[in-house]
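Just so it is clear: chains get the letters A, B, ... in the order the sequence lines come, proteins before strands, and each one is counted from 1.
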Number of protein chains: 2
Amino acid sequence: MNILTRRQREVFNYLRDNHDSFACPPSLNELCEGLGIVSRGSLYKHIMALIAAGLVEPFTGNKQGGIRLTQQVIEEDSTLPKGLPFIGSIAAGKPIEALATEGYMTVPDALKTDKPCYVLQVKGDSMIEAGIYDGDWVVIEQCSCAKNGEIVVALIEKSEATLKYIQQTAEQVLLLPANANMTALSYHPDQVEIQGVLVGQMRSYRFH
Amino acid sequence: MNILTRRQREVFNYLRDNHDSFACPPSLNELCEGLGIVSRGSLYKHIMALIAAGLVEPFTGNKQGGIRLTQQVIEEDSTLPKGLPFIGSIAAGKPIEALATEGYMTVPDALKTDKPCYVLQVKGDSMIEAGIYDGDWVVIEQCSCAKNGEIVVALIEKSEATLKYIQQTAEQVLLLPANANMTALSYHPDQVEIQGVLVGQMRSYRFH
DNA sequence: ACAAAAGAGAACAAAAAGAGAACAAATTAT
DNA sequence: ATAATTTGTTCTCTTTTTGTTCTCTTTTGT
């Protein structure tokens, strides 16, 4: 049994990473498009190599066939540690509870706590002066109270979630953006519900 | 069996430190890029020396071959935890090569590339306007060239490593801080050596 | 100044990867 | 039903990448 070549490995990784986004076994054309290959014949050779390697098996559910991952590979994948749940993006105006887990993200221990945490992607520039940019990921510790000066995920009027500095007294809750172009918002404590405290932040520079 | 030369040792260290970031046996071209060597022929000599030293062995899994670490070397290495090597801090004035791996850090896939990467902790405020703060961690892809406008780890005069924006022409290399209080530095291309390109950034808010 | 080490670059054969055409069976549309 | 499209499969041909070997220049240490 031969070891995989570079391209074969890429094809396999693609299959593994996307195996649950395919409703039914993907066709060669679909895969070509996803992998950036023009010719089905070329891809076919790679698939055959993966079958020979026992990583993928022909699918016998219907006459036309298709392929799927070996049961063993699927199990391996599902036993892998998942990391923190990635919930979606914030500042889109939806409460966190309403958002389903979209996936999982492996996060360095230094960016999380030993309490339950989740990951959000930041939309908008409301925290740029705190070094949190549009598109950044933030790690949030799930809790319902915070100290003054912390950055929190706050749900306003049970409808809109935002990431802001918090400053609270008995009479009012101040939500302060870190952006000179935006204004602080003042609420009655009953109007604001804390959904978590910022414990980590991450940014990718992979695509400029 | 001869003792290794300096460069051979460097090549071996590179292979050992990154052997799990290679999906399959790395090609000479890949290694050249990672090590900053232009000529495959040059690298080939080093590889042959490592094979002669028994640290690396030709890989017979597929026709085209390739190389991999000796099983013995892998076992020595695999007792270590996974993740990216954490090298230390930057802007301390020491070249990266001089710094030993201090530990390993698990990093989200989105913050790294499929090439070998390492993690540094940032000291100082030279990049605050790019949202990179004192104490942040940065993920660096190990490579020896960069596009203009990218943020790089640059080794100046073989003695001092800094994190800066780069702007290079045939005559000069500009290293631009992201801090209005600091000035850009201009060097002759020979004075500057690129040690990697920024691909990710992380910050912990756990202790204010 | 000398020798060892390191690098650049060209050349070459083999392997890998890809394009594209062809065809029959299966599927879908009309 | 027939026609049109999509599927897996097989084939040849071309391009790209790979390991390997060479010669020549540059760097480095003594």
Side-chain angles (χ1 to χ4, degrees), chain A residues 1-15 22-53 56-68, chain B residues 1-15 22-53 55-69 95 97 114-115 143-145 155 157-159 188-194:
Chain A
M1 186 216 292
N2 274 351
I3 202 81
L4 300 186
T5 66
R6 187 161 289 93
R7 193 59 164 141
Q8 285 160 14
R9 180 110 240 152
E10 280 176 42
V11 172
F12 171 68
N13 286 342
Y14 179 84
L15 247 27
F22 298 122
C24 46
S27 74
L28 290 186
N29 278 343
E30 269 183 278
L31 294 175
C32 276
E33 201 176 340
L35 284 156
I37 296 178
V38 181
S39 158
R40 265 176 302 157
S42 304
L43 177 62
Y44 184 79
K45 282 189 287 187
H46 294 139
I47 301 285
M48 284 301 136
L50 295 182
I51 291 178
V56 144
E57 59 192 7
F59 181 69
T60 52
N62 53 19
K63 293 272 178 61
Q64 191 153 311
I67 50 143
R68 66 171 174 191
Chain B
M1 187 209 297
N2 275 344
I3 198 86
L4 297 186
T5 67
R6 198 184 330 278
R7 194 57 164 144
Q8 284 160 14
R9 181 108 242 153
E10 277 178 46
V11 172
F12 172 69
N13 286 342
Y14 181 84
L15 246 27
F22 298 118
C24 47
S27 72
L28 290 184
N29 278 343
E30 266 183 282
L31 294 175
C32 278
E33 201 181 338
L35 283 157
I37 296 177
V38 180
S39 159
R40 266 176 302 160
S42 305
L43 177 63
Y44 184 78
K45 282 189 287 187
H46 294 137
I47 300 285
M48 284 302 136
L50 294 181
I51 290 178
L55 294 169
V56 146
E57 58 192 7
F59 184 70
T60 52
N62 53 23
K63 294 271 175 62
Q64 190 152 312
I67 50 140
R68 65 170 174 193
L69 298 178
E97 295 154 306
D114 47 3
K115 310 262 178 61
C143 60
S144 53
C145 56
L155 180 61
E157 298 280 15
K158 297 197 187 301
S159 65
H188 188 270
D190 295 342
Q191 296 175 285
V192 178
E193 186 186 321
I194 295 173

With sequence neighbours excluded, residues passing side-chain contact (heavy atoms from CB on, under 4.5 Å) with Glu33(B):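 side-chain contact (heavy atoms from CB on, under 4.5 Å) check on Glu33(B) returns Lys115(B).
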Go through the structure and list residues passing side-chain contact (heavy atoms from CB on, under 4.5 Å) with Arg6(A), not counting sequence neighbours.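 By the side-chain contact (heavy atoms from CB on, under 4.5 Å) rule, Arg6(A) matches Glu10(A), Cys24(B), Ser27(B), Glu30(B).
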Is the phosphate of [N], meaning OP1 or OP2, less than 4.0 Å from a side-chain N or O of [X]?
X: Asn29(A); N: dT6(D); answer: no
X: Ser27(B); N: dT18(D); answer: yes
X: Tyr44(B); N: dG19(D); answer: no

Atom pair distance, as rounded to whole Å: [atom1] in [X] and [atom2] in [N]:
X: Leu28(A); N: dT9(D); atom1: CG; atom2: P; value: 7 Å
X: Met48(B); N: dT20(D); atom1: CE; atom2: C1'; value: 8 Å
X: Leu4(A); N: dA16(C); atom1: CG; atom2: P; value: 12 Å
X: Leu43(B); N: dT18(D); atom1: CG; atom2: C1'; value: 13 Å

In degrees, rounded to 10°, what is the bend between the two ends of the helix from dA1(C)-dT30(D) to dT30(C)-dA1(D), using five pairs at each?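 The angle separating the two end axes equals 50°.
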Interatomic distance, Phe12(B) atom CZ to Leu55(B) atom CG [nearest 0.5 angstrom]: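 The CZ atom of Phe12(B) sits 4.5 Å away from the CG atom of Leu55(B).
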Rounded distance [0.5 Å steps], CG in Leu155(B) versus CD in Gln191(B):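 Going from CG on Leu155(B) over to CD on Gln191(B), the span is 11.5 Å.
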Selection residues 34-49 of chain B - residue pairs positive for salt bridge (charged side-chain N to carboxylate O under 4.0 Å, His left out), sequence neighbours left out: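 For residues 34-49 of chain B, and leaving out neighbouring residues, there are no salt bridge (charged side-chain N to carboxylate O under 4.0 Å, His left out) pairs at all.
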Are Ile37(B) and Arg7(B) close enough, and set up right, to give a side-chain contact (heavy atoms from CB on, under 4.5 Å), and what steps lead you there? CA-CA 11 Å; Ile37(B) 296 177; Arg7(B) 194 57 164 144; 3.4 Å; yes
Glu57(A): side-chain hydrogen bond (donor to acceptor under 3.5 Å, both in side chains) partners, not counting sequence neighbours: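 So Glu57(A) forms a side-chain hydrogen bond (donor to acceptor under 3.5 Å, both in side chains) with Arg68(A).
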For the pair Leu15(B) and Leu31(B), evaluate side-chain contact (heavy atoms from CB on, under 4.5 Å) and give the outcome as yes or no after the intermediate values. CA-CA 8 Å; Leu15(B) 246 27; Leu31(B) 294 175; 3.6 Å; yes
How does protein contact run along nucleotides 3-9 of chain C, one letter per nucleotide 5' to 3', with B for base contact, S for sugar-phosphate only, - for none, heavy atoms under 4.0 Å? --SBBBB
